[in-house]
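The figures here come from the full heavy-atom set of this structure, side chains too, leaving out hydrogens, waters and symmetry mates. Lettering follows sequence order; numbering is per chain, from 1.
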There are 2 protein chains.
Amino acid sequence: MGQLTKIRPAQAGTPEVVLPLGRILPGDCVAAMRSLPTASVDLVFADPPYNLQLGGDLNRPDGSHVDAVTDHWDQFDSFKAYDDFTRDWLTEARRVLKPDGALWVIGSYHNIYRVGAILQDLGFWLLNDIVWRKSNPMPNFRGTRFTNAHETLLWASQGEKAKYHFNYRAMKTLNDELQMRSDWVLPICSGQERLKEGGTKVHPTQKPEALLYRVLLATTEKGDVVLDPFFGTGTTGAVAKRLGRQWIGCEREQGYRDAAYKRIEKELPLDESAISTMQSRKEQPRVAFGAVVEAGLIPPGTELFDKKRQWRATVRADGSLESGKETGSIHHVGKTLQGAPSCNGWTFWHMERDGEVKPIDAARQMYLLAVED
Amino acid sequence: MGQLTKIRPAQAGTPEVVLPLGRILPGDCVAAMRSLPTASVDLVFADPPYNLQLGGDLNRPDGSHVDAVTDHWDQFDSFKAYDDFTRDWLTEARRVLKPDGALWVIGSYHNIYRVGAILQDLGFWLLNDIVWRKSNPMPNFRGTRFTNAHETLLWASQGEKAKYHFNYRAMKTLNDELQMRSDWVLPICSGQERLKEGGTKVHPTQKPEALLYRVLLATTEKGDVVLDPFFGTGTTGAVAKRLGRQWIGCEREQGYRDAAYKRIEKELPLDESAISTMQSRKEQPRVAFGAVVEAGLIPPGTELFDKKRQWRATVRADGSLESGKETGSIHHVGKTLQGAPSCNGWTFWHMERDGEVKPIDAARQMYLLAVED
DNA sequence: TCGTTTCGTGAATCGTATG
DNA sequence: ACATACGATTCACGAAACG
């Protein structure tokens, strides 16, 4: 795991510097970032402590105890202390980012307003705020407020006039040929995806991979370098590796670093063809097959075939198919291969799963059950 | 339209002050709010401007006036000016609010992070951030970013320990018996609701009445006073009148004031019965278990048990329970037997009646019906 | 084997009145 | 100020247990 790569820094005349790709830098993230050269990474994704400021214990109506985030890394003495911390890491992130790089930060109402204001003060330019609408949030057990059912992501460029990357077509493809909106409905991280050690969660705030999948697909290119200053158990690294992006992490806790390395080791990069995203307007899928892919129900790279196994195609990361020279939506590729006037890709294409052959429509049904709100 | 009401200010010894209910105060909102007594309104709803062409609203830190037309400032100056403006009106709003009053602010990513941070700095305590998810947003025509499909509302109390009002039951009822979440899906203001004059919009950012309806129903009581410092064409006033709330507005533009008065004039208050909402049990009269026993609804000697028949207890004549060595209130005995942190005896304990097993809460409901008349 | 029920749990700023 | 008593309050999903 890990490789050292010589990169050419932005300023001419400075010596070549080594970039620790695929490495998790130990210790404080500000110090760690100081060791990285200026203008060397394409994207920063940051999931900083939220400064939750929780009071006493909380019990569910059935009397069971709620396992809260009480870790020391989320404890700050005051807003001032949190602001100083935020300004420090944002400043380093800004230095390390390329001029056409971008920053993502995720947070909740406890911290995101402070992060957003400081980020603007430092010269970052907000491109969007994104709402992650959780399909299965924790309820408000006491009936005291509205159920806190979302978190917020900020997406910012280096400045008002700065360039940035946005894969508009890939996002539109992923969203059933409608423009991707600023509100994303995704489930929280649970089930098989949640890292556990002896039955207990390894990290209290592990993020769902689908979230990172959408962020990286939307705002990076293949081969780009992604830096995560609060790496945790490495969701960013895992998804980056899968999507053919390079990554660097910072993480203070050795336990998290160990878990992350182990997790990313197991992750397999997707095929070149699965990663390539839609560029042409002519290759438009007509349905939200992309959402089913994103949800992990049909992983990119999966081989699809018709019932008679006459035709086959490969699923790509943005929910398009590739079959030889043919690319496009599940419907388009099915239609073209057969030379038919039309084709319902959902029933035409099949996949093998646990030794069983099923139409991909089965995955759509599962997705609908999962995301329905 | 409009009435003058004498209210008793919070501080004893100060003379009675007139509260301009149903009036739109002209001029700058900070000056207008200064004319209102301290701790006199129950709710502030604010939809502040966030373009930086604020003209008369903006002053520099040294007090000098900013002329938006002729002055050229850089990004830092404009943030500073906006922050000063925000701090000014929030400070006045805070003074005018009752100790158990609350504040709502709506904004977009251009301004809401500054507003949120300043609001926290002033001592307001965030209760929720609410996402208004627009069902029909304006598309991003150039395909350069995600479709900006939401706005953000902040709901804050006067402080960490401050009381506030939340009609939990009303919100749950409004949401088909599920807790109301922090993401609200509502259409933008259009069609018949949109005020127009000769085919053109009267106000560029008129908010949908459904948004105010939910805000006022959730966080005010009938008769409460609602202040809107950026009244515009009076959506807040119209919905307040409909729901039987009092209102005060501030608005600089005479054209908007005229349109608002005209609009609110036409608005009809709903019937008393239509306004009344589902009441939580908290607001029902308290019933002592002893009174239910005394009334003969649960005779002394009755055997009580939990749903799984794991525990049992006997009702005594004074309304206490006995279970082995444990004696005490229905709550205390339930709590102690289970070793739980707390227990609601009304729903925990059951009894058999006419061959049916029912929670003893059923007896409390019968008691309430009996004493009501 | 399969459908049904139960149980556990998730970034949560989660009470109020009385003495 | 603090302690005590009363009693109000949950949604979705996945895994395990059950029949």
OP1 or OP2 of [N] sitting under 4.0 Å from any side-chain N/O of [X]?
{"X": "B/K161", "N": "C/dT13", "answer": "no"}
{"X": "B/K163", "N": "C/dA17", "answer": "yes"}
{"X": "B/Y168", "N": "D/dT10", "answer": "yes"}
{"X": "A/K201", "N": "C/dT9", "answer": "no"}
{"X": "A/N59", "N": "D/dT9", "answer": "no"}
{"X": "A/Y50", "N": "C/dT13", "answer": "no"}
{"X": "A/Q53", "N": "C/dA11", "answer": "no"}
{"X": "B/K335", "N": "D/dG7", "answer": "no"}
{"X": "A/R142", "N": "C/dG15", "answer": "yes"}
{"X": "A/S135", "N": "D/dA12", "answer": "no"}
{"X": "B/H331", "N": "D/dC6", "answer": "no"}

Item to complete: For A/R145 and B/L127, indicate whether the former's side chain and the latter's backbone hold a donor-acceptor pair under 3.5 Å.
Response: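 Indeed, once roles are kept as given, a pair shorter than 3.5 Å links the two residues.
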With [atom1] as the reference atom in both, quote the distance from [N] to [M] in angstrom, rounded to an integer.
{"N": "C/dC7", "M": "D/dT10", "atom1": "C1'", "value": "14 Å"}
{"N": "D/dA12", "M": "C/dT13", "atom1": "C1'", "value": "23 Å"}
{"N": "C/dA12", "M": "D/dA5", "atom1": "P", "value": "31 Å"}
{"N": "D/dT9", "M": "C/dA11", "atom1": "P", "value": "25 Å"}

When we call it a touch if two heavy atoms are under 4.0 Å apart, what does [X] touch: a base, just sugar-phosphate, or nothing?
{"X": "B/E160", "result": "nothing"}
{"X": "A/D71", "result": "nothing"}
{"X": "A/N51", "result": "nothing"}
{"X": "A/T205", "result": "base"}
{"X": "B/G345", "result": "nothing"}
{"X": "B/R169", "result": "nothing"}
{"X": "A/P208", "result": "nothing"}
{"X": "A/N148", "result": "sugar-phosphate"}

Worksheet item: Want to settle it: does B/N128 or A/G199 sit nearer the 5' end of DNA chain C, counting the closest nucleotide to each?
Response: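 Result: A/G199.
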Taking the side chain of [X] as its heavy atoms from C-beta onward, which of [options] lies nearest to it?
{"X": "B/S329", "options": "D/dT10, D/dC6, C/dT13", "value": "D/dC6"}
{"X": "A/A68", "options": "C/dT13, C/dA12, D/dG7", "value": "C/dA12"}
{"X": "A/D62", "options": "C/dA11, C/dT9, D/dA8", "value": "C/dT9"}
{"X": "B/S342", "options": "C/dT13, C/dC14, D/dA8", "value": "D/dA8"}
{"X": "A/L54", "options": "C/dA12, D/dG7, C/dA11", "value": "C/dA12"}
{"X": "A/R194", "options": "C/dG10, C/dT13, D/dG14", "value": "C/dG10"}

Look through every strand shown and name the nucleotide pairing with [N] as Watson-Crick or G-U wobble, where both distances are under 3.5 Å.
{"N": "C/dG3", "value": "D/dC18"}
{"N": "C/dA11", "value": "none"}
{"N": "D/dA3", "value": "C/dT18"}
{"N": "D/dT9", "value": "none"}

Atom [atom1] of [X] and atom [atom2] of [N]: how far apart are they, to the nearest Å?
{"X": "A/L297", "N": "D/dC13", "atom1": "CG", "atom2": "C1'", "answer": "14 Å"}
{"X": "A/L58", "N": "D/dT9", "atom1": "CG", "atom2": "C1'", "answer": "10 Å"}
{"X": "B/D100", "N": "C/dG15", "atom1": "CG", "atom2": "P", "answer": "18 Å"}
{"X": "A/I188", "N": "D/dC11", "atom1": "CD1", "atom2": "C1'", "answer": "10 Å"}
{"X": "A/H203", "N": "C/dG10", "atom1": "NE2", "atom2": "C1'", "answer": "14 Å"}
{"X": "A/E193", "N": "D/dA15", "atom1": "CD", "atom2": "C1'", "answer": "16 Å"}
{"X": "A/F146", "N": "D/dT9", "atom1": "CZ", "atom2": "C1'", "answer": "17 Å"}
{"X": "B/L178", "N": "D/dA12", "atom1": "CG", "atom2": "P", "answer": "5 Å"}

Answer whether the closest heavy-atom distance between the side chains of [X] and [Y] falls below 4.5 Å.
{"X": "B/M171", "Y": "B/L217", "answer": "yes"}
{"X": "B/L43", "Y": "B/L216", "answer": "yes"}
{"X": "B/L103", "Y": "B/R94", "answer": "no"}
{"X": "A/D129", "Y": "B/Y113", "answer": "yes"}

Worksheet item: Hey, what's the ring geometry for B/W155 with B/W104, parallel, tilted or perpendicular (30° and 60° as the breaks)?
Response: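 Because their plane-to-plane angle is under 30°, the rings of B/W155 and B/W104 count as parallel.
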Suppose we call a contact any N or O donor and acceptor under 3.5 Å apart; does that hold for the side chain of [X] and the base of [N]?
{"X": "A/R60", "N": "C/dG10", "answer": "yes"}
{"X": "A/R145", "N": "C/dT13", "answer": "yes"}
{"X": "A/K134", "N": "C/dA11", "answer": "no"}
{"X": "B/T347", "N": "D/dA8", "answer": "no"}

Practice prompt. Would you check if B/W125 stacks with the base of C/dT13, given a 5.5 Å centroid limit and a 30° plane limit, both strict?
Written response: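 One would call B/W125 stacked on the C/dT13 base.
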Worksheet item: Strictly by modelled atom types, are A/S190 and A/R194 linked by a side-chain donor-acceptor pair under 3.5 Å?
Response: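 There is no such pair (donor and acceptor under 3.5 Å, judged by atom type) between the side chains of A/S190 and A/R194.
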Worksheet item: Side chains of A/Y82 and A/N111: donor-acceptor distance under 3.5 Å anywhere?
Response: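 Yes - a donor-acceptor pair under 3.5 Å links their side chains.
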Fill in: Nearest-nucleotide 5' precedence on DNA chain D, B/Q179 against B/C343
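First, find each residue's nearest nucleotide; the 5'-ward one identifies B/C343.
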Discussion item. Going by the glycosidic torsion and a 90 degree boundary from 0, is the base of C/dT4 oriented syn or anti?
Written reply: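 That one's anti.
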Worksheet item: Would you call B/D121 and A/K80 a salt bridge, using N to O less than 4.0 angstrom?
Response: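 So B/D121 does not pair with A/K80 through a salt bridge.
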Fill in: ring-ring contact (aromatic ring centres under 6.0 Å, His included) partner of A/F231, chosen from A/W247, A/F45, A/Y256
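Single pass found, and it is A/W247.
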